[in-house]
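Chain identifiers are assigned alphabetically (A, B, ...) following the order of the sequence lines, protein sequences preceding nucleic acid strands; residue numbering begins at 1 within each chain.
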Amino acid sequence: MKQTHRILRKGTLSAAVALVGMSGLGLSATAQAETLNIVSWGGAYSMSQQKAYHEPWMEMNGDEIVNIDRSGNALAGLRAQSQAGNVTWDLVDMLPADAMIACAEGLIEPLDHDALLADAPDGTPPGEDFVDGALGECFVASIVYSNIVAFNTEMFPEDNQPSTIADVFDLENFPGKRTLLRKPINNLEWALVADGVAPEDVYDVLETEEGIQRAFAKLDTIKDEVIWWEEGAQPPQLLADQEVAFGSAYNGRIFNAMVTENQPFEIIWDAQVFELDGWVVPTGKLDKVKDYLHFATDTQRLADQAKYISYGPARKSSSQFVSTHAETGIEMEPHMPTYGPNFATAIPKDDEFWADYNDELTQRFDAWLAQ
Amino acid sequence: MNESAAIDARQALPQEADTCFARFIDVQKSYDGVELVVKGFNLDIQRGEFITLLGPSGSGKTTCLMMMAGFETPTHGEILLQGQPINGLPPHKRGIGMVFQNYALFPHMTVAENLAFPLEVRHLPKAEIARQVDRALGMVRLEGFGSRRPAQLSGGQQQRVALARALVFEPELVLMDEPLGALDKNLREEMQYEIKRIHASLGVTMIYVTHDQTEALTMSDRIAVFNDGVVQQLATPETLYELPENAFVASFIGENNRLQGEVVEHLGERCEVVLDSGERVVARPVAVGGVGTRTTLSLRPERVALIGDDDEGRYDNRFSGIVQEVIYLGDHLRTRLQLCGNDEFILKTPNAEGNASLRPGQSVTVGWTWQDCRALDA
Amino acid sequence: MSQSPSDTLTTADGVPLKVSLRRAVRRSKFKALLLVSPLLAFLIIAFVMPILDMLWRSVDNPEVSTRLSRTVEALEGWDGESLPGEPVFAALVADLREGQEARDLGLLSSRLNYEKSGMRSAISRTARRLGNLEPPYREALIEINDSWGELSTWKLIERESSPYTLSYYLAAMDRQLSPEGEIVKVPDYLEIHVALFWRTFWMSAVITGLTLLLGYPIAYLLANLPLRHSNLLMILVLLPFWTSLLVRTTTWIAILQSQGVLNDMMVAIGVIADEARWQMIHNKTGTIVAMTHILLPFMILPLYSVMKTIPPSYMRAARSLGGKPILSFRRVYFPLTIPGIAAGGILVFILAIGYYITPALVGGQSGRFITNYIAYHMQTSLNWGLAAAIASILLLVVIVFYLVFNRLIGVDKVKLG
């Protein structure tokens, strides 16, 4: 009750402010300017959103958009704000696994995708236009990104460059330090693929105790050569400094280092673990952000984002509009995770598996690290 | 310079070694290289002597003591102990007992442990240590206090413990740095007596630093009066009091009436001085130049007499003054007079019959002999 | 004891003296209370309440008892030997239906997933398919997810049906309840917390020791140098306080990393080969070096304040009594500084135990503290119950240290500046 009152009062107040504003500027009542607090990942990724979504929207609409770089702990933040009864975030960029948990806890709004989202230019409804898994109960994806391993081409002779995930685990033919994410996610999948498990069977094997042991045993073979990273900016840096030969990373970061800094990196697309990333709406904020959400997830906007970062649009209809990199003008398509040759052995990250096993496997992974 | 002085001192040594227990030879000390706090200190100390260094604070007396103890090194000059130069000897090898201003009893040790410390560091057997500690406690009359902590003792008791600790290892020389400063008057007098008694019974040599002239007069065999880094006079208490050699000593030791004037006639052992207020005074020239020099006349208040009608002619100097104030002090009276242009002239008279009748405003005649009136430096 | 006469004393107008005194004092007491009340309120809000909340969360267990209330009720009297009957499954369906409508099954599934991996998807999958579910529910639920056919699932629900639980504390100590209800160690491959606790304690002890070793001479100089010099030294000691913790920590990264200043110097003067650079950061060494530096002032200041009160005459007395310098120091000066050592030691140790930014930045894998795990559970795994349990254990350890300290040294002897 109290909460509603406060919102009502706040509503009246902002309406009054808007009225005052209107009399001066002659705007229509529906277009009252607002401030949107949008939570995202920061860095090059937030910059691509700024260029592709925020700036056009602000220009069109007069709203102000505040970027908050808190997606790394978005679930904790949503919980804390909800418990404190003071939700300040209006729209949050998060991973689908976290979105599932937040949705089950009632922290974010369930979304009626066909009603909220724009149709494709040819009239295809959103439910059909988005790629598989892109539309969750409370989630709408904007990009497909990929966890890959990259290497510094200068660290290996020209006639002996690595090309598969098994090469990452092959210290004999490809010696040198590796840097990997300090989490079980991706590493366990890659360990199994390198050990001969077919990409499509990875999660079935991981659900068994033998499978987990097999994955850790494979990781054991390179453990001494691994530097563990925690921040997305670390692996490109370590690769550039030649502190490591291989590094697992988000493909967009490697792409950026390759095209804007001319680093001699190459991505091993074999066994890339791809997943989606997109928007959720904190409970109670749907009315405030639904126009923006409609705009930011339409076909053109998703295609535009690909000009700035090599993450694939989550809409099938966007692919045809993906063109060239905004700064360097290079063709973007071969750098996308979804590009045919890159995608052949791709592993779709199993969010449900990780929702179930992340707690246990993280503890196990930490204990393994501490050994 | 330095070196040659030291060599001279050593060469001068043999013939004096048997009489001199400790010597300061031309000792100078500067902390900052700009100012000397001790300027050429010389002192010969005989075995068993009680020497006091007396002076106002900052006069350099404590610095001299600390140089003897080894906590400060002389900037120039030499200190000898039993004929040996000790400038390079660290404090713990000097074997000198020391009592500090605030006793410096180790607060985390009991009284007995405090007393045992100097014996333990000399590796005495346990039984011997216990015996010595008991003996030392007995000497300062603190039997049974061995297990207490210093904080559980009164100031006087702490003082005794500090004394016992400085003596327990039987040093031949004991230094005391204003040891009674923190005690109240009664206790201080009692301790003065106590220290004297111990000094007499043990026969140790003591160097005592104080700024309290009464204390110095009561206790010492000889007193060195310090001012401004220089010894003003080194003498026995009687000599210092009766025959001060300069105005500083005269004013620092005991009470003193001062009259300013100019020497008009110098007749060997007597001189005549015309005061600034015009009166002529006959005095004993001690530290004055010839006729025409300025001088300060020093006159002890108890040597000034009230002159009745019957004793005319006994005093060389007779003047009349006006009583300003009378202070009753039980056994004697202090009377402040306006006399010879000085209204701080003090007269000290025994509380004898007839003397107690002075009233402010009354006019009186006083007189003194020329021997008691010392003409000193201006 | 007989009553003292003062009990019956009265003031001139016949009011008992004690009553009159109390009245006179009450006003000043009230004033004093008024003056401290802002601080008191602040302490209660910012300190006492969060700690109580933390203690509460470490045992609070509302998820099963509130969200599966029908199931828990139906489970009463279950023998635990075989799968429960249809009524229990029907109750579960009713509970999940209600939860699905209210959209608050998330915490329940997280809670059960902590204890048994797979419960999160078991509940979310089941909840999604409740719509067209027909009785008999038992077969239908087992069909949807195998977990419902496992005895351990039901034992877990029964076990966690109490509104309070010790399982967070068990997890914090690397223990768990076996299906038979006994406390047993978790499998080797999951053991992590106890080892981290020990590492936190011994590394904090090493850091405390190093700060003492480095801080003692500095404190001595501070207390004994002439004011002019000691003021300058004091500024140098305090300088780190005016610099951000992050800056100080990252400075150490710049100095110690393998391409860092120190390694470069060592290579340049030929002490080590270029390819054999020392690994001094992102391991225990890094944590110890950086934290020793950061915590040094907390050792120096209490030591200094104690040393400042020790007159130089004590050491002089000891020397004049025949003590060699080292012996005099050991027997006289050092014992007098023990309250300072104890105060600095307990302060640094307690601060070190609670540090987490520095170990996180320079500790790498081997230099991490238990506090980093608390942060992980607070921010990433969101297992706040476990975070609270670990933090509560840490709080308990600190309190025990404090009590031991108080017993041995006495808090009243501690001066902090």
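- Taking a 6.0 Å sphere around CZ of C:Arg159, one finds it holds more than 12 heavy atoms contributed by other residues, nucleotides or ligands.
- Contacts between C:His377 and chain A at a heavy-atom distance below 4.5 Å are absent for every atom of the residue.
- By number of non-hydrogen pairs under 4.5 angstrom with chain A, the leading residue of C:Leu108, C:Asn113, C:Leu105 is C:Asn113.
- Interface remark: of the candidates A:Ala355, A:Ala370, A:Gly72, A:Ala80, A:Ala355 forms the most heavy-atom pairs closer than 4.5 Å to chain C.
- The two atoms that bring A:Glu109 and C:Arg103 nearest to each other are CA-NH2, 4.3 Å, heavy atoms only.
- Counting non-hydrogen atoms of neighbouring residues, nucleotides and ligands closer than 6.0 angstrom, the OH atom of C:Tyr356 reaches no more than 12 such neighbours.
- Contact annotation for A:Ile108: only backbone heavy atoms (N, CA, C, O) come within less than 4.5 Å of a heavy atom of chain C.
- The number of heavy-atom neighbours closer than 6.0 Å to CD of A:Glu231, taken from other residues, nucleotides and ligands shown, is 12 or below.
- Contacts between A:Glu243 and chain C at a heavy-atom distance below 4.5 Å involve the side chain alone, from C-beta outward.
- Here C:Ser117 contributes atom OG and A:Phe353 contributes atom CZ; the two are 9.0 Å apart, rounded to the nearest 0.5 Å.
- Looking only at side-chain heavy atoms (C-beta outward), C:Pro187 and A:Glu209 stay at 4.5 Å or farther from each other.
- If you tally non-hydrogen atom pairs under 4.5 Å between each of A:Met100, A:Glu137, A:Glu360 and chain C, the highest count goes to A:Glu360.
- Contact annotation for A:Glu207: neither backbone nor side-chain heavy atoms come within less than 4.5 Å of a heavy atom of chain C.
- Side-chain contact between C:His282 and A:Ile227 is absent, with no heavy-atom pair separated by less than 4.5 Å.
- Looking at every heavy atom in both residues, C:Leu190 comes nearest to A:Gln363 through O-NE2, 2.9 Å.
- Among A:Leu75, A:Asp98, A:Ile101, A:Leu78, the single residue meeting the side chain to side chain contact (heavy atoms under 4.5 Å, CB included) criterion with C:Leu382 is A:Leu75.
- Each of C:Ser124, C:Ala195, C:Gly106 has some count of heavy-atom pairs under 4.5 Å with chain A, and the biggest count is that of C:Gly106.
- Heavy-atom pairs under 4.5 Å with chain A peak, among C:Met119, C:Arg125, C:Arg199, at C:Arg125.
- Two residues are said to be in side-chain contact when any heavy atoms from C-beta on lie closer than 4.5 Å; C:Ser110 and A:Glu105 meet this criterion.
- If you check the side chains of C:Tyr376 and A:Asp366, you find no donor sitting under 3.5 Å from an acceptor.
- Summarising the local packing, NZ of A:Lys183 is surrounded by 12 or fewer heavy atoms from other residues, nucleotides or ligands at distances under 6.0 Å.
- The 12-atom threshold is not exceeded at CD1 of C:Ile183, counting heavy atoms of other residues, nucleotides or ligands nearer than 6.0 Å.
- With a 4.5 Å cut-off on non-hydrogen atoms, C:Glu191 touches chain A through its backbone but not through its side chain.
- The neighbour count for C:Met173 CE, taken as heavy atoms of other residues, nucleotides or ligands under 6.0 Å away, does not exceed 12.
- Residue contact with chain A, scored on non-hydrogen atoms closer than 4.5 Å, is absent for C:Ser366.
- Options C:Gln379, C:Arg368, C:Arg128 differ in how many heavy-atom pairs under 4.5 Å they form with chain A, and the most are formed by C:Arg368.
- The local environment of CD in A:Gln213 is crowded, with over 12 non-hydrogen atoms from other residues, nucleotides or ligands closer than 6.0 Å.
- Between atom CG of residue A:Asp350 and atom OG of residue C:Ser121 there is a gap of 9.0 Å, rounded to the nearest 0.5 Å.
- Residues C:Arg120 and A:Asp359 have side chains in contact (heavy-atom distance under 4.5 Å, counting atoms from C-beta outward).
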